[in-house]
Amino acid sequence: MRILITGGAGFVGSHLASSWAALPGHEVVVLDNLRRRGSELNLPFLRRRGVSFVHGDVRKPGDLDEVGGQFDLVVDASAEPSVLAGTNGSPEYVIETNLYGTVNVLNFARKRAGRFLFLSTSRVYSIAALKALPLHQVGRRYALSGQGPGWTSKGIGEAFSTSSARSFYGASKLASELLLQEYVESYGLKGLVNRCGVIAGPGQFGKADQGVFTLWIANHYFGRPLAYTGFGGQGFQVRDLLHPQDLFDLLQRQLSQENVWDGRIYNVGGGERVSTSLAEWTEEAKLATGKELSVESKADSASVDIPYYVTDHSLVTKDFGWSPSRDRRRIASDIAQWIKNEEALLAPLFAP
Ligand SMILES: NC(=O)c1ccc[n+]([C@@H]2O[C@H](COP(=O)([O-])OP(=O)(O)OC[C@H]3O[C@@H](n4cnc5c(N)ncnc54)[C@H](O)[C@@H]3O)[C@@H](O)[C@H]2O)c1
């Protein structure tokens with residue numbers, strides 16, 4: 001099987017690339033413009049795994065043209081993945097990469113690939129509707145009970161509202177999902193969308209605006225300051241976490257079913273069982289690193305921030321018999337172990 005991964009030097013892309021490259025009969029090519037700080041550190045690791053690297057930009061169709069040959073699968077994992085991208089008044093990069101870049105990758109896949117997998121995001125859901133969920137406090141976290149349009153106490157399902165503002169990041173991803181479905185309908189492309197919640201694990205160069213769960217462990221490890229930010233500054237906001245290896249396990253199951261590549265959309269994430277509040281994650285960080293930090297408190301939330309997101313992955317579980325098998329303790333300890341192994345390399349990267 002021959003696979004192209006755009007954004008393949010990044011956190012998720014490099015994990016998928018090395019996992020596929022380790023399987024017999026798989027050849028993997030990654031294309032990345034190395035915009036994300038840290039992605040360049042993955043290149044020697046990918047080379048050792050036999051993965052080919054093309055330094056290219058999805059915003060430039062010519063860069064994709066330079067990638068030789070036919071592929072069985074294209075995975076689009078290139079993105080500006082920060083929900084804050086564009087909120088500073090310059091949305092160009094996030095739109096050009098996440099939307100126009102995806103169109104370029106769709107055009108490439110139409111001519112040169114059997115299947116197209118799009119890594120979308122839970123951020124396609126409307127911020128106002130997510131903020132309106134009836135939350136209550138249980139211990140040191142928010143909790144959701146009852147049910148409403150597109151949600152139950154299990155979390156957010158595929159039918160949740162996408163109808164009002166959802167950030168430039170979420171909007172550019174949603175627009176790409178819609179176009180993927182047009183390519184499937186009009187051109188017979190075989191495509192699938194996984195709307196992922198938070199993915200966290202080793203190999204993620206976490207920042208305050210993206211990858212905060214990994215940053216949390218790193219800052220505990222390196223003794224650097226942290227603050228619970230937003231929603232009163234108590235750290236009660238909740239997310240579910242997905243280990244990248246669980247995502248890989250799911251993709252293998254999806255690849256084994258030809259008939260599902262018809263533009264359908266799945267919510268993919270750790271679900272309620274692998275969810276955590278930031279305050280609870282502090283305890284996990286303490287356990288994983290053996291170090292304790294005093295976490296500051298900043299009450300004000302950013303406009304795009306949400307207090308609660310947990311994936312209801314019932315549909316993907318029903319269709320593929322998949323559910324995540326790595327819990328939050330495993331995710332925290334895998335991140336801590338990676339930082340320990342690569343301490344000298346990572347210390348400057350996680351510096352403020
Ligand atoms: N990490 C998460 O929590 C998460 C959650 C939901 C969805 N996703 C999606 O998964 C995919 C991978 O995310 P990630 O966490 O690995 O992010 P990442 O930033 O680690 O990886 C993205 C990669 O894309 C590259 N890139 C950026 N702009 C590019 C361009 N114009 N041309 C070519 N390469 C470009 C970056 O250099 C980086 O290596 C993204 O599509 C993201 O939206 C991630």
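Counting convention: from 1, in listed order, for ligands and their atoms alike.
When only non-hydrogen protein atoms are considered, atom 17 (O) of ligand 1 lies nearest to P81 CG, 3.6 Å. Counting only heavy atoms of the protein, atom 7 (C) of ligand 1 lies nearest to S120 O, 3.1 Å. I199 CD1, 4.0 Å is the protein heavy atom nearest to atom 44 (C) of ligand 1. When only non-hydrogen protein atoms are considered, atom 20 (O) of ligand 1 lies nearest to F11 N, 2.9 Å. Nearest protein heavy-atom contact of atom 12 (C) of ligand 1 is A77 O, 3.3 Å. Counting protein heavy atoms only, atom 27 (C) of ligand 1 is closest to A79 O, 3.4 Å. The protein atom (non-hydrogen) at minimum distance from atom 5 (C) of ligand 1 is G197 O, 3.0 Å. In terms of protein heavy atoms, atom 18 (P) of ligand 1 is closest to R36 NH1, 3.7 Å.
Residue G56 places a heavy atom under 4.0 Å from ligand 1. In this structure, K173 is part of the shell of residues with a heavy atom less than 4.0 angstrom from ligand 1. Note on ligand 1: A200 sits outside its first shell, no heavy atom being nearer than 4.0 Å. Residue contacts with ligand 1: S122 is excluded, as none of its non-hydrogen atoms falls under 4.0 Å. Contact analysis puts D57 in contact with ligand 1, with a non-hydrogen atom separation below 4.0 angstrom. Between E80 and ligand 1 there is no heavy-atom distance shorter than 4.0 Å. Heavy-atom separations between R123 and ligand 1 are all 4.0 Å or longer.
When only interatomic distances are considered, the shortest N/O to N/O separation between D76 and ligand 1 does not fall below 3.5 Å. Between S39 and ligand 1, at least one pair of N/O atoms sits closer than 3.5 Å.
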| Could you walk me through whether Q257 and D319 pass the side chain to side chain donor-acceptor pair (under 3.5 Å) check? | CA-CA 10 Å; Q257 291 194 29; D319 283 4; over 6 Å; no

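Of all atoms in ligand 1, numbered sequentially from 1 with element shown, those under 4.0 Å from a heavy atom of L34 are 37 (O). Of all the atoms in ligand 1, the ones that sit under 4.0 Å from a non-hydrogen atom of Q210 are 1 (N), 2 (C), 15 (O). Residue-ligand proximity, L119 to ligand 1, at heavy-atom distances under 4.0 Å covers atoms 9 (C), 10 (O), 41 (O). Taking every heavy atom of A9 and a limit of under 4.0 angstrom, the matching atoms of ligand 1 come to 39 (O). Near G10, meaning under 4.0 Å from any of its heavy atoms, are these atoms of ligand 1: 20 (O), 21 (O), 38 (C), 39 (O). Heavy-atom contacts of V12 reach the following atoms of ligand 1: 12 (C), 14 (P), 15 (O), 16 (O) (cutoff under 4.0 Å). Within ligand 1, counting atoms from 1 as listed, the ones closer than 4.0 Å to a heavy atom of V198 are 3 (O).
In summary, the side chains of R141 and S275 do present a donor paired with an acceptor at a separation below 3.5 Å, with no hydrogens or angles considered. T311 and D240 are linked by a side-chain donor-acceptor pair at a separation below 3.5 angstrom, with hydrogens and angles left out of the test. A side-chain donor-acceptor contact under 3.5 Å links S325 and D246. Side-chain atoms of D305 and Q237 form no donor-acceptor pair, as typed in the model, at a separation below 3.5 Å. For W20 and Q252, the side-chain atoms include at least one donor-acceptor pair closer than 3.5 Å. Side-chain polar atoms of Y125 and R195 form a donor-acceptor pair below 3.5 angstrom.
E258 has no carboxylate O lying under 4.0 Å from a charged side-chain N of K190, or vice versa, which leaves the two without a salt bridge.
Note on ring orientation: taking the six-membered ring where Trp is involved, the planes of F350 and F205 are tilted (angle from 30° to 60°). Note: F116 and F118 have parallel aromatic rings, judged against thresholds of 30 and 60 degrees for the angle between ring planes. Ring pair F71/F108 is tilted by interplanar angle, where 30° to 60° counts as tilted.
Here atom 8 (N) of ligand 1 lies nearest to Y169 when heavy atoms of F118, Y169, Y93 are compared. Considering V212, V94, N33 only, the shortest heavy-atom separation from atom 30 (C) of ligand 1 involves N33.
The side chain of Q204, and not its backbone, has at least one atom closer than 4.0 Å to an atom of ligand 1 (non-hydrogen atoms only; side chain from C-beta on). The backbone and the side chain of D32 each have at least one atom closer than 4.0 Å to an atom of ligand 1 (non-hydrogen atoms only).
Of the candidates T289, I331, D334, T289 is the only one forming a side chain to side chain contact (heavy atoms under 4.5 Å, CB included) with I217.
Atom OG1 of T6 and atom CG of D32 lie 8.5 Å apart (nearest 0.5 Å).
Considering every non-hydrogen atom in both A143 and Y308, the closest pair reads CA-CE1, 4.2 Å.
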